[in-house]
Amino acid sequence: MQTNSRLKESHKLTDAQMRDFIVNGHLTIKTELPRSFHETIYRKTQEYTAKEGNLGNNILPRVPELQAVFEDPTVRGAFTSILGENYVMHSHRHPHHNSPHSDGQGFHKDSYWGYQKVRHHCPRWAMAFYYPQDSPLEIGPSAVLPGTQYYNTRITEGNEGELALSGEAGTISIIHFDLWHRAMANRTDKPRYMMKFQFIRMDAPQAPEWNVTDPHWKPEDINPATPAHQGTWRHIWNWVAGESNGDATQSTNGNLAAHITALNDDDAAVRSRTADELGALGESAAEAVPHLIQALRDDYEPVCLNAAYTLGAIGEPSVSQLIEVLSDENGPTRRMAAYALAAVGAPAVSALSEALQHTEDAVRVEASYALAQIGEAAEPAISALIERTKDDNVEVRRYLAEAFGSLGPIAAPAVPALIEVLDNDEDKQVRFESALALAQIGPAASDAVPVLAKALSDEDRYVRDNTIHALKRIDTPEAESALFDYLLMARWCPITNRASTH
């Protein structure tokens with residue numbers, strides 16, 4: 001997105017709004033545009049859908065008024081706060097049509113347009129749900145399960161705990177990409193439209209980009225019924241604020257023995273709360289590491305999640321045992337260990353670099369994923385990552401590319417390897433991750449322009465989309481020329497249809 005000179009600090013989120021987004025995974029705002037503007041979008045969408053079917057990814061050029069919605073200062077301020085000033089709109093977008101008298105959907109997480117990616121706890125991706133018409137409960141708005149963006153599994157039965165994202169025309173709900181959500185039943189005679197757009201963070205956070213007044217995590221205004229994940233929330237807060245994990249530690253371990261005992265309580269809620277509370281002790285809770293490692297195997301996911309981020313807060317004393325867990329036979333347990341190692345950050349980089357050479361595919365997959373989440377602190381691993389770019393395992397190659405992107409401009413030494421991958425890898429997800437990484441590296445990836453220009457003809461639409469972002473961010477005359485040549489070839493007339501072909 002382009003920098004908007006109308007954006008003021010008052011348009012950005014407050015500390016309380018950021019806390020709410022980190023805890024619950026969603027935030028609802030209202031554009032400053034008049035009601036008549038949204039009525040125009042609704043009318044056009046309904047008209048074109050009736051004539052042409054679902055407009056899919058072409059909803060934006062077909063209904064270009066939507067661009068003004070996402071350039072609205074309130075909307076830009078919210079996305080800047082969550083994803084940073086240089087966030088971009090992804091080309092996958094969809095006008096969701098909830099038919100009259102529909103039964104609604106079951107709760108789900110979105111895939112990445114059919115591709116497989118490990119879920120990101122830190123907000124690297126986000127979605128916007130925009131309603132161009134009033135969306136009261138009876139017309140079937142989207143509903144979410146607040147706080148579930150950190151869970152891979154459903155921990156509630158049926159629709160228990162759901163929250164309807166209803167509102168007037170012009171309402172936008174921003175949600176964490178991995179939040180469980182669904183379309184509710186439409187009990188009216190009218191169709192309900194919701195435009196779903198996706199956005200990507202392009203730069204690692206260096207400082208708070210919201211309207212910050214206190215940069216420290218404060219466990220305030222949290223619904224006591226919400227399962228406590230203070231360690232997870234604190235880590236996410238620190239990450240978006242550009243800080244490392246573990247700023248809220250204590251110097252005593254006076255309750256450590258009692259906490260270790262409680263990790264084996266029969267009550268899952270007690271185990272979860274205990275695993276979370278141990279995180280506040282930081283490195284002084286190192287004695288609990290073996291017990292927390294065992295808690296990664298708990299059959300109640302909130303316990304595993306809290307154990308992972310507590311191990312992250314303990315830091316270096318956790319690393320060797322967490323590395324061992326990367327070869328666990330249970331996939332979810334391996335993934336929790338990877339989340340923990342990512343939360344440890346810099347002290348885990350050396351061990352993760354060594355793990356990239358492991359003979360087991362699963363270990364290399366989780367190690368490459370963890371390094372991708374660590375970001376700039378993983379700079380010492382660049383050489384080890386480059387060595388694995390031709391790994392036989394496709395998942396490893398995907399996360400290697402993602403790791404270079406999360407490193408940003410300091411991953412410039414990896415540009416030749418990314419060029420090779422973008423030009424030759426048979427897996428299209430590896431290619432679109434590589435193109436996105438080159439975009440995140442930016443001007444330091446200028447040597448990639450010839451291959452990026454070639455990739456504008458890739459068979460995969462999302463490889464092409466990320467290639468466009470890369471050329472735009474590299475911003476050399478050669479990159480600009482390639483973009484203009486592509487625009488002239490690919491330009492599309494949004495008013496051409498069966499009734500008006502010329």
Side-chain angles (χ1 to χ4, degrees), residues 1-13 17 26-83 85 87-100 126-142 164-175 181 183-184 186 188-199 492-497 499-500:
M1 306 292 284
Q2 295 294 323
T3 300
N4 192 324
S5 60
R6 295 184 297 149
L7 195 62
K8 302 175 182 177
E9 287 301 307
S10 60
H11 291 129
K12 296 181 180 180
L13 301 183
Q17 287 174 308
H26 66 92
L27 179 76
T28 296
I29 56 178
K30 186 81 162 53
T31 68
E32 298 176 2
L33 297 164
R35 184 179 185 87
S36 59
F37 192 90
H38 307 295
E39 291 172 348
T40 296
I41 292 176
Y42 181 84
R43 175 181 55 78
K44 284 190 170 185
T45 302
Q46 190 170 27
E47 176 186 341
Y48 298 158
T49 299
K51 292 180 179 178
E52 305 165 28
N54 195 298
L55 300 174
N57 288 355
N58 285 331
I59 183 64
L60 183 57
R62 201 72 181 90
V63 187
E65 290 85 355
L66 283 164
Q67 185 65 35
V69 171
F70 294 107
E71 290 296 335
D72 182 271
T74 301
V75 178
R76 280 199 48 77
F79 272 110
T80 296
S81 299
I82 295 168
L83 298 179
E85 182 179 4
Y87 72 91
V88 297
M89 178 189 287
H90 193 269
S91 67
H92 179 77
R93 69 277 303 223
H94 195 79
H96 283 258
H97 178 214
N98 196 354
S99 302
M127 292 192 287
F129 292 175
Y130 161 70
Y131 297 111
Q133 79 286 306
D134 292 341
S135 296
L137 189 62
E138 59 268 21
I139 204 172
S142 293
L165 301 179
S166 56
E168 298 178 348
T171 295
I172 292 182
S173 290
I174 299 174
I175 76 165
H181 61 279
M184 303 180 78
N186 184 350
T188 73
D189 296 326
K190 299 178 180 179
R192 185 273 286 163
Y193 290 99
M194 181 274 284
M195 315 300 190
K196 180 187 290 183
F197 282 70
Q198 300 179 357
F199 300 85
W492 185 67
C493 177
I495 63 173
T496 297
N497 54 49
S500 174

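Numbers for residues simply follow the sequence, beginning at 1.
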By ring-ring contact (aromatic ring centres under 6.0 Å, His included) - contacts of F79 (at least two apart): Y87, F199
With sequence neighbours left out, the residues meeting side-chain hydrogen bond (donor to acceptor under 3.5 Å, both in side chains) with Y131 are none
In Å and rounded to the nearest 0.5 Å, what is the CD to CD distance from Q67 to E65? 11.0 Å
Please check this pair: side chain of N98 against backbone of P141, looking for a donor-acceptor N/O pair closer than 3.5 Å. no
I'd like to know if the side chain of T171 reaches the main chain of E168, judged simply by a donor and an acceptor atom lying under 3.5 Å from each other, with no hydrogens or angles considered. yes
Side-chain contact test, heavy atoms from C-beta onward, threshold under 4.5 Å: evaluate it for D72 versus I172 and give yes or no. no
Within-4.5 Å side-chain heavy-atom neighbours: K30 and T74: no
Do S81 side-chain atoms and L13 backbone N/O form a donor-acceptor pair below 3.5 Å? yes
When you measure from the side chain of N186 to the backbone N and O of G140, does any donor-acceptor pair fall under 3.5 Å? no
Would you call E47 and K44 a salt bridge, using N to O less than 4.0 angstrom? no
With a 3.5 Å distance limit and no angle check, can you tell me whether Q133 reaches the backbone of Y193 through a side-chain donor-acceptor pair? yes
I want to check something: taking the side chain as every heavy atom from C-beta on, are Y130 and V75 in contact at a cut-off of under 4.5 Å? no
Hey, does Q46 have a side-chain heavy atom less than 4.5 Å from the side chain of P191? yes
When you measure from the side chain of R93 to the backbone N and O of N57, does any donor-acceptor pair fall under 3.5 Å? yes
Could you state the interatomic distance from NZ (K12) to CD (E85), rounded to the nearest 0.5 Å? 7.0 Å
Between F197 and F70, how do the two ring planes meet: parallel, tilted or perpendicular, split at 30° and 60°? tilted
Measuring from R43:CZ to S36:OG, what's the distance to the nearest 0.5 Å? 11.0 Å
Please tell me whether S135 and S166 have a donor and an acceptor in their side chains that are separated by less than 3.5 angstrom. no
Mutual orientation of the aromatic rings belonging to H96 and H94 [parallel < 30°, tilted 30-60°, perpendicular > 60°]: perpendicular
Test M195 against T45 for side chain to side chain contact (heavy atoms under 4.5 Å, CB included), laying out the working first. CA-CA 10 Å; M195 315 300 190; T45 302; 3.1 Å; yes
How far does OG1 of T40 sit from CG of L33, to the nearest 0.5 angstrom? 11.0 Å
Look at D134 together with R35 and state whether they make a salt bridge at an N to O cut-off of under 4.0 Å. yes
Sub-3.5 Å donor-acceptor pair from the side chain of R62 to the main-chain atoms of L60, do we have one? no
Could you tell me whether the side chain of H26 reaches within less than 4.5 Å of the side chain of S173, counting heavy atoms only? no
Within this structure, what is the CD1-CD distance for the pair I175 and Q198, rounded to the nearest 0.5 Å? 9.5 Å
Hits for ring-ring contact (aromatic ring centres under 6.0 Å, His included) against H181, two or more places apart or cross-chain, chain-then-number order -> H108, F129
Drop me the distance from I174's CD1 to L27's CG, to the nearest 0.5 angstrom. 6.0 Å
What do you reckon, is NZ of K190 surrounded by more than 12 foreign heavy atoms closer than 6.0 Å? no
